[in-house]
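Here the structure is laid out as structure tokens; the discussion comes afterwards.
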Amino acid sequence: MNIILFGPPGVGKGTQANRLKEKYNLLHLSTGEALRAEVKNQTELGIKAKEAMDKGELVSDDIVVGIVVNAIGNVGDAKGVMLDGFPRNISQAITLDKVMEEKNLKIDYVVSLEADRDIILKRLSGRRSCEKCGKDYNIFFSPPKVEGTCDECDGKIIGRSDDTEQVHLDRLKVYENQTEPLKKYYAEKGILCNIDGMGTVDEVFADISKELDSK
Ligand code: AMP
């Protein structure tokens, strides 16, 4: 099974992805995470991507598509791929279809998480993660037991460099203008599943599982 986890920044895609990959044995491919790793390692690709990322804009398609093409088809023991943060515009969606077809694969479902704008902005402003092991936290909704320290590994809890209020607003605008129209694209293919993303992590996970298990 190959799925796309779709929705605005901050809706909780990463949190759900961590659970879904265990339950359905999927390779989780987050283009945002892959790009942040390139930036951290100061690779040529990371240096090119950083400017757009810091402004909340989209990184150019050729950079992102390269990352995805390398990973699809290399899922190892997993039963499929779960794309998170890709595609983000119509040209990426068309390229994805082409790449999948070349590999005799297809996207089975697009799980679209929905939430109100004010909730998304609060989730974005509270978002933190562990510098060492990458575990996600939210200072409003799921804080670490000890402020500033990871529950799992004692690593330092940090924010992302693109987590500022102006960047949040810009990222939402980019989502609404370029990414949200993809819902129509996938609805027309009959593979879009809309999920209410405003419940607790457990509730949202249960709703997604119910939807996928009923297919
Ligand atoms: P994310 O972690 O998914 O919120 O992504 C963080 C940032 O990485 C985005 O704001 C973009 O600058 C960049 N990015 C991630 N995925 C893509 C994509 N599919 N296309 C273009 N830029 C992307």
Side-chain angles (χ1 to χ4, degrees), residues 1-41 43 45-46 48-50 52-54 56-76 78-89 92-93 95-96 99-100 105 107-113 115 120 123-124 126-138 142 152 158-163 167-168 171-172 174-175 178-180 182 186 195 197 201 204-205 208 212:
M1 173 170 77
N2 299 300
I3 65 173
I4 295 173
L5 206 47
F6 191 86
V11 76
K13 296 190 293 292
T15 307
Q16 295 300 329
N18 285 330
R19 293 194 172 192
L20 291 167
K21 73 175 178 204
E22 300 296 334
K23 174 159 187 188
Y24 296 100
N25 189 14
L26 299 172
L27 173 82
H28 175 206
L29 177 60
S30 155
T31 44
E33 262 172 37
L35 287 167
R36 280 188 288 282
E38 299 282 345
V39 171
K40 195 173 170 194
N41 295 330
T43 63
L45 195 150
K48 276 192 205 156
K50 189 173 186 316
M53 290 174 77
D54 281 347
E57 291 170 2
L58 295 187
V59 169
S60 73
D61 285 354
D62 50 340
I63 292 182
V64 180
V65 166
I67 293 175
V68 175
V69 170
N70 286 340
I72 290 178
N74 277 324
V75 301
K79 290 210 174 113
V81 70
M82 172 170 48
L83 296 172
D84 162 7
F86 184 93
R88 257 172 152 102
N89 60 30
Q92 290 180 8
T95 306
L96 176 64
V99 172
M100 295 296 276
L105 297 168
I107 297 294
D108 298 288
Y109 310 112
V110 177
V111 174
S112 175
L113 299 179
I120 287 169
R123 285 188 180 169
L124 281 171
R127 194 156 68 172
R128 304 286 185 278
S129 67
C130 172
E131 190 179 39
K132 213 157 114 193
C133 73
K135 185 174 162 60
D136 291 320
Y137 294 93
N138 190 294
S142 52
E152 309 273 318
I158 53 166
R160 281 167 38 168
S161 65
D162 61 353
D163 266 343
V167 175
H168 296 158
R171 296 178 75 209
L172 276 183
V174 168
Y175 173 77
Q178 300 193 46
T179 311
E180 207 168 20
L182 288 179
Y186 289 116
I195 302 281
V201 172
V204 176
F205 181 65
I208 300 174
L212 293 178

Quiz item: Closest approach of E22 and N18, non-hydrogen atoms and distance?
Solution: CG-O, 3.5 Å
Quiz item: Is there a side-chain contact (heavy atoms from CB on, under 4.5 Å) between K48 and T43 once you walk through the steps?
Solution: CA-CA 9 Å; K48 276 192 205 156; T43 63; over 6 Å; no
Quiz prompt | Derivation and outcome, side-chain contact (heavy atoms from CB on, under 4.5 Å), residues K79 and M1 | solution = CA-CA 6 Å; K79 290 210 174 113; M1 173 170 77; over 6 Å; no
Quiz item: From Q16 CD over to I208 CD1, what is the distance, rounded to the nearest 0.5 angstrom?
Solution: 4.5 Å
Quiz item: Quick one: OG1 on T15 to CZ on F205, what's the gap to the nearest 0.5 Å?
Solution: 12.0 Å
Quiz item: Residues in side chain to side chain contact (heavy atoms under 4.5 Å, CB included) with A115, at least two apart?
Solution: V11, I120, M198
Practice problem: Please work out whether the ring planes of Y175 and F6 are parallel, tilted or perpendicular, with thresholds of 30° and 60°. | Solution: tilted
Quiz item: Tell me the side-chain hydrogen bond (donor to acceptor under 3.5 Å, both in side chains) pairs involving residues 126-136, sequence neighbours left out?
Solution: none
Self-check item: Residue pair L35, L45: steps toward the side-chain contact (heavy atoms from CB on, under 4.5 Å) verdict
Solution: CA-CA 8 Å; L35 287 167; L45 195 150; 4.0 Å; yes
Quiz prompt | Chi angles and distances behind the side-chain contact (heavy atoms from CB on, under 4.5 Å) call for R171, E57 | solution = CA-CA 7 Å; R171 296 178 75 209; E57 291 170 2; over 6 Å; no
Quiz item: At what distance, to the nearest 0.5 angstrom, does CD1 of I72 lie from CG of L105?
Solution: 7.5 Å
Quiz item: Does K23 NZ have over 12 foreign heavy atoms under 6.0 Å away?
Solution: yes
Quiz item: Just checking, is any N or O donor in the side chain of D62 or S60 under 3.5 Å from an acceptor N or O on the other one?
Solution: yes
